[in-house]
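Labels below follow one simple rule: chain letters A, B, ... track the order of the sequence lines, proteins then strands, and each chain is numbered from 1.
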Number of protein chains: 2
Amino acid sequence: MAGNETGRRHSRDDVAEAALRILDDLGLPDLTMRRLASALDVQPSALYHHFPNKQSMLAEVADRIVAARRPVAQPDVAPWQAAVRAEADALRDALLAYRDGAEVVSSTLALGLGSPETVERLARAVALGGFDEETSRRAATALLHFVLGHVSHEQQRLQYDSLGVLADAETSPLDEDDPAAAFAFGVGLLVGGLELSRSRR
Amino acid sequence: MAGNETGRRHSRDDVAEAALRILDDLGLPDLTMRRLASALDVQPSALYHHFPNKQSMLAEVADRIVAARRPVAQPDVAPWQAAVRAEADALRDALLAYRDGAEVVSSTLALGLGSPETVERLARAVALGGFDEETSRRAATALLHFVLGHVSHEQQRLQYDSLGVLADAETSPLDEDDPAAAFAFGVGLLVGGLELSRSRR
DNA sequence: ACCTGAACACCGTTCAAGT
DNA sequence: ACCTGAACACCGTTCAAGT
């Protein structure tokens with residue numbers, strides 16, 4: 001897909017694309033520098049020409065995953081609540097588009113790497129409700145933590161189901177029969193909390 | 001602290017205690033089976049007599065971290081909102097008590113391991129508000145995701161600050177000047193959302 | 001600029017064997 | 001029941017050297 005599979009001499013872009021492929025095909029635990037190198041027909045040490053270390057390579061992967069979010073129209077007339085929900089949904093869908101997407105993005109953000117765009121887009125949607133900058137940023141952060149935690153768990157479950165068959169009654173209390181509904185509920189709580197703080201202002 | 005430092009022959013309990021020590025002294029990346037073994041003056045393979053693998057050993061560590069939460073009085077007369085906030089605070093404090101505590105608990109819960117007690121205690125507090133069981137469980141899950149995400153980030157920041165000196169303006173948009181206030185804000189949003197859904201019922 | 005070859009300092013886990 | 005000794009199959013990263 002991102003060419004140059006046999007011809008040697010790769011770009012940073014090639015490396016990132018190959019990493020996304022491995023992530024989606026094999027999952028995060030199998031996305032090793034050595035496997036990535038061998039997918040590119042190159043020695044592991046060659047990767048360090050493109051990235052200083054594995055974490056920065058994963059940060060690039062994370063940025064590409066969230067950058068693929070569908071754009072959300074935010075007409076000034078629409079209720080801000082709908083904009084926030086749409087942003088949350090777009091983020092969830094982007095994370096679900098790659099295997100272990102949520103965990104990659106989560107660990108990257110935890111390390112302070114990755115683009116700030118993700119929080120900012122959420123914060124902008126919140127700010128449509130007229131909240132001040134700090135409130136918007138804090139609400140966006142809370143939303144992001146919920147989304148990443150929820151989707152991480154969702155994706156972990158997917159993997160279990162696909163390989164473990166998961167003996168009956170083997171469910172954790174975090175498991176949800178309807179992940180999409182549980183997701184909407186969680187986002188709804190945070191939006192509701194914002195509404196309430198607004199009406200009390 | 002958990003005895004038997006030189007006399008060979010350890011119990012599962014000794015192993016878990018030693019793991020907690022290493023976690024708090026060196027952090028999760030340095031909590032390896034080999035280092036744990038050498039702290040107990042034992043060959044790495046000996047650990048597999050006590051735990052089938054590293055993940056189950058970490059699950060035991062996670063359970064001990066959250067089990068140390070301070071008990072929260074829940075008199076039936078007190079407002080349920082205060083009970084939920086108290087449970088969230090108790091959980092945050094327990095996670096902060098050990099280095100990388102949030103990450104250990106988070107990854108354990110993500111794998112479906114660890115005791116269900118953590119979610120259940122949160123759900124019980126929510127249920128004091130008269131919410132049905134599914135709503136309480138979903139709200140507790142949302143709360144838990146927020147708490148784990150927030151505290152994980154908080155602890156990552158602590159480590160950065162302690163070793164990196166962190167050049168000026170090196171802050172990510174997720175960073176907070178006042179983590180405790182940001183935490184209370186996030187919990188407040190979720191509690192507020194519950195209040196609103198209640199008044200609309 | 002991009003890569004090779006070789007090495008360093010590690011991992012988690014298994015397994016036969018010992019007491 | 002609890003442990004040793006040795007091995008297997010890996011890791012991320014560095015570094016001199018090549019083109």
Side-chain angles (χ1 to χ4, degrees), chain A residues 2-20 22-23 25-62 100 103-104 107-108 110-111 113 159 163-164, chain B residues 2-20 22-23 25-62 100 103-104 107-108 110-111 113 159 163-164:
Chain A
N4 217 354
E5 227 96 285
T6 49
R8 298 295 128 82
R9 234 104 247 221
H10 301 281
S11 67
R12 186 184 159 97
D13 207 80
D14 294 330
V15 179
E17 286 299 328
L20 274 168
I22 294 175
L23 180 69
D25 291 345
L26 306 170
L28 185 56
D30 283 331
L31 177 45
T32 68
M33 295 301 266
R34 285 167 183 273
R35 199 182 284 265
L36 180 53
S38 100
L40 292 163
D41 263 312
V42 132
Q43 295 291 319
S45 51
L47 300 177
Y48 292 84
H49 184 81
H50 302 287
F51 297 95
N53 50 49
K54 187 180 181 178
Q55 261 311 325
S56 67
M57 183 251 131
L58 285 177
E60 178 65 39
V61 168
D100 292 336
E103 213 183 318
V104 173
S107 72
T108 293
L111 294 173
L113 304 175
Q159 228 145 314
L163 91 228
Chain B
N4 217 355
E5 226 98 285
T6 49
R8 298 297 127 83
R9 231 107 249 220
H10 300 280
S11 67
R12 187 184 159 97
D13 206 80
D14 294 331
V15 178
E17 286 299 329
L20 274 169
I22 294 175
L23 180 69
D25 291 346
L26 307 170
L28 186 55
D30 283 331
L31 176 45
T32 68
M33 295 301 265
R34 286 167 183 273
R35 199 182 285 263
L36 179 52
S38 99
L40 292 162
D41 262 312
V42 130
Q43 294 291 321
S45 51
L47 300 177
Y48 292 84
H49 184 80
H50 302 287
F51 297 96
N53 50 51
K54 186 181 182 178
Q55 260 311 325
S56 65
M57 182 253 130
L58 285 177
E60 178 65 39
V61 169
D100 291 337
E103 212 184 318
V104 173
S107 71
T108 293
L111 294 173
L113 304 175
Q159 228 146 313
L163 91 227

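- Rounded to whole angstrom, the span from the NE2 atom of A/His49 across to the C1' atom of D/dA16 amounts to 16 Å.
- Across every non-hydrogen atom of A/Val61 and A/Leu20, the tightest pair is CG1-CD2, 3.8 Å.
- Look at B/Gln43 and you'll find a side-chain N or O under 4.0 angstrom from OP1 or OP2 of D/dG5.
- Shortest non-hydrogen contact noted between B/Leu36 and B/Ile22 is CA-CD1, 3.6 Å.
- When the P atom is used for both C/dC10 and D/dA9, the distance is 22 Å, rounded to whole Å.
- Between B/Lys54 atom NZ and C/dT14 atom P there is a gap of 14 Å when expressed in whole angstrom units.
- Distances from the side chain of A/Arg9 to the nucleotides C/dC11, D/dG18, D/dT13 place D/dG18 closest.
- The nearest whole Å value for the distance from the CE atom in B/Met33 to the P atom in C/dC10 is 18 Å.
- If you take CG of B/Leu36 and P of C/dT13, they are 12 Å apart, rounded to a whole angstrom.
- Between A/Asp30 and A/Ser45, the one whose closest nucleotide on DNA chain D sits nearer the 5' end is A/Asp30.
- Taking the P atoms as reference points, C/dC2 lies 22 Å from D/dA17, given to the whole Å.
- B/Asp13 has its CG atom 16 Å from the C1' atom of D/dC2, to the nearest Å.
- Checked by atom type and distance alone, the side chain of B/Asn53 pairs as donor or acceptor with a backbone atom of B/Ser56 at under 3.5 Å.
- With a cut-off of 3.5 Å on both Watson-Crick or G-U wobble distances, the partner of D/dA9 is given as none.
- Going from atom CG of B/Leu40 over to atom P of D/dC2 covers 13 Å, rounded to whole Å.
- What separates CG of B/Asp14 from P of D/dA1 is a distance of 17 Å, to the nearest Å.
- Within the 4.5 Å cutoff, the side chain of A/Met33 has no heavy atoms near those of the A/Pro44 side chain.
- In this structure D/dT19 sits in a base pair with C/dA1, meeting the Watson-Crick or G-U test at under 3.5 Å.
- Atom CZ in B/Arg34 sits roughly 11 Å away from atom C1' in D/dC11 (whole-Å rounding).
- Taking only side-chain nitrogens and oxygens, B/His50 comes nearer than 4.0 Å to OP1 or OP2 of D/dC3.
- Put simply, the side chain of B/His10 gets close to the backbone of B/Leu40: a donor and an acceptor are under 3.5 Å apart.
- Distance from the side chain of A/Ala46 is smallest for C/dT4 among the nucleotides D/dA1, C/dT4, D/dT13.
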